[in-house]
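Report on the structure given below.
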Amino acid sequence: MSSDDEFMSDQMSDDAYGDDDDSLGEEFDEDDDQDFDDGKEDKPSRKAYEVDFKVFSDEQIRKSQQSQVEEVSSILGLPGEQCAILLRHFKWQKDRLIEKYMDGGEEVLEEAGLGQSYDTLPRLEKVRGFACDICCDDERGLDTYAMKCNHRYCVNCFRQYLESKIKDEGEATRIQCPSEGCSRIVDSKTVDLLVPAEVDNRYKELLNRTYVDDRPNLRWCPAPNCEYAVDCAVRPAQLHTIVPSVSCRCGHNFCFGCGFSEHQPCPCSLVKKWLKKCEDDSETANWISANTKECPKCISTIEKNGGCNHMTCRKCKHEFCWVCMGPWQEHGTSWYNCNRFEEKSGSEARDQQAKSRASLERYLHYYNRYANHDHSAKLDKDLYVKTEKKMTTLQSSSGMSWIEVQYLEAASKVLQQCRQTLKWTYAFAFYLERNNITYIFEDNQKDLEMAVEQLSELFEKPTDQLANAKKEMMDKTAYVNNRRIIVLEYTATGLAAENWKFTVDLK
Amino acid sequence: MSLPKRIIKETERLVAEPVPGINAVPHDDNLRYFDVTIHGPAQSPYEGGIFRLELFLPEDYPMTPPKIRFLTKIYHPNIDKLGRICLDVLKGNWSPALQIRTILLSIQALLGAPNPDDPLANDVAQRWKEDEPAAIQTARDWTRTHAMV
Ligand SMILES: [Zn+2]
Ligand SMILES: [Zn+2]
Ligand SMILES: [Zn+2]
Ligand SMILES: [Zn+2]
Ligand SMILES: [Zn+2]
């Protein structure tokens, strides 16, 4: 199930950016930032499943820290370096820092590893009769350095010490004076002075990292090498009523609550439970998710090669559904019955053994569908790669322009996203207690699933037929997307109102 | 490669002002490698035992701590079967201003005050917490068998 680690792009990323007001707004100086303009368009009122968020670059994060440091510096009348250390110590809770400092400055400074006040710029010194405690060098004219705590070492040792802390240990905010037992924190002016630029850059990067890690409203985009952070006001205590999907400017959609790839409509805690369960039960479930099956009619082996679940046996032309192995004809109508697990009757379940078998069967039912969409998403993605080629072919064979063939890309993206949603609807359904609203949910799920399969099927058309299918494909894409919104809207509204009953505790 | 001044000084000092109950002698052919013995502290289950350790100063010493482990078998919640030691100053709390002698003193102190709440040898720590007198008796037995010549 590794499609969770893959990064699916979002065709709606532009309207998904949040509105202006939010917790960080005042801290960011947005005027001189063109980068961010695309995120501030006016947009129609937010849907129930959407959250407000903003995407910030590395550089903006840096500036925001700086402006807070300057603000505190002007209030407390302390040098910026010192305020930076204080703010980090207080996890950037500005007000709490200021309040505490007013109550007892010395104590706060001591606690943050700053000791007595310091106001001069750090500088190197040559000290008569000095011998370095680290390297034991006592040459005359040796450059030495000490912070305010006066633990003096030769400049080489101090530099080596800082380099090993920064490069090898990835430390930034908690580097202490090299002297044993001295808790004074090394400030960034000292680092600037002593280490080469490349290490200094790494240090600044690490400072940025911890800044984001320390703030509950910020989270780094988990995509590899992505340098954006997302600001969102959703807090851990709200995660049983909301699934905060956000999309980074790099194209990756992820959950602000847990950092996992987007998993709406399933709440974070269920995602965690579900993945744990799948891991534990993978042995039993493995055979189900196998790539090959036999045709229910002629028993010849069939390999699934596209994401579509509508299978046609090459040999006997029998059409069936990959998921339930039933005849496909039944699926195209309102009898489509592939998403709902028929609960076993009570009498059968009375027997303990039947009970545990029923519970495994129940799990496998949901797991099978979950894994199938996961797998199909991967196959759809492969198809997408081929789509690019198809688009080029289409352009030359049909004379369509680049813009005109974009519908294929859009369709492919919607398909990916819907598979992702469908996948998680099954984990969601697994933990759901059955009642009337469950049926509505399952109907919505079924509609989305059916639409997705139809769209996926269109993709498997040979290139020469694709150009003619443009209108059909665009309509289907819009329809599928709409079905997805309906599923998400319905589940999100229920979560917010705590209407859903789950078989496990969400908190 | 010549030996850093720091290591020469430390070695000289270890010889000139030895620490009671602790002995550290560098190998003739590798001056970064030390044979160490530590006497079990009085009033501890290790009393009367003489424990052999090996100590190695890595290339970037003193930026990184010395590598050190027990060679003599010892029953102790913070020392595992391979003789590796769980001691804060050998890990995160290492400071380049610390020295071989201070580290050896810390290890000697650890023998006098086992800390089963921060265990390395889990089964030993478990036993230490559940039945301290029995664990102490085992430590004594091991000392007699392995650390007394
Ligand atoms: Zn030095
Ligand atoms: Zn100091
Ligand atoms: Zn990103
Ligand atoms: Zn989540
Ligand atoms: Zn067949």
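Computed from a prediction, not measured in an experiment: that's the story for all the values here. In what follows, chains carry the letters A, B, and so on, assigned in the order in which the sequence lines appear, proteins first and then strands, with residues in each chain numbered from 1. Note: hydrogens, waters and symmetry copies are ignored here, and every other heavy atom, side chains too, is used.
Atom-to-atom distance recorded for B:Asp60:CG and A:Glu163:CD is 12.0 Å, nearest 0.5 angstrom. A:Cys136 contributes atom SG, which lies 7.0 Å from atom CD of B:Gln99 (distance to the nearest 0.5 angstrom). The OG atom of A:Ser179 sits 9.0 Å away from atom CG of B:Leu98, with the distance rounded to the nearest 0.5 Å.
The environment of B:Arg101 atom CZ is dense: over 12 non-hydrogen atoms of other residues, nucleotides or ligands sit within 6.0 angstrom. A 6.0 Å sphere centred on NZ of A:Lys100 holds no more than 12 heavy atoms belonging to other residues, nucleotides or ligands. Applying the 6.0 Å contact sphere to CG of B:Asp28 captures no more than 12 heavy atoms from other residues, nucleotides or ligands. Residue B:Glu17 qualifies as enclosed at atom CD: its count of foreign heavy atoms under 6.0 Å is above 12. Within 6.0 Å of atom CD in A:Glu171, more than 12 heavy atoms from other residues, nucleotides or ligands are found, so the atom counts as buried in its surroundings. Counting non-hydrogen atoms of neighbouring residues, nucleotides and ligands closer than 6.0 angstrom, the CD atom of B:Glu47 exceeds 12 such neighbours. Other residues, nucleotides and ligands contribute more than 12 heavy atoms inside 6.0 Å of the NZ atom of A:Lys204.
Of the atoms belonging to B:Lys9, it is side-chain heavy atoms, and not backbone ones, that fall under 4.5 Å from chain A. In this structure, chain B has heavy atoms under 4.5 Å from both the backbone and the side chain of A:Cys157. Proximity to chain B is absent for every atom of A:Asp168, based on heavy atoms less than 4.5 angstrom apart. Residue B:Pro96 touches chain A through both its backbone and its side chain, counting heavy-atom pairs closer than 4.5 Å.
Closest approach of B:Ala97 to A:Pro178, counting heavy atoms only: CB-O, 3.8 Å. Shown here for A:Glu180 and B:Ser95, the closest heavy-atom pair between the two residues is N-OG, 3.4 Å.
A:Asp137 has no carboxylate O lying under 4.0 Å from a charged side-chain N of B:Arg6, or vice versa, which leaves the two without a salt bridge.
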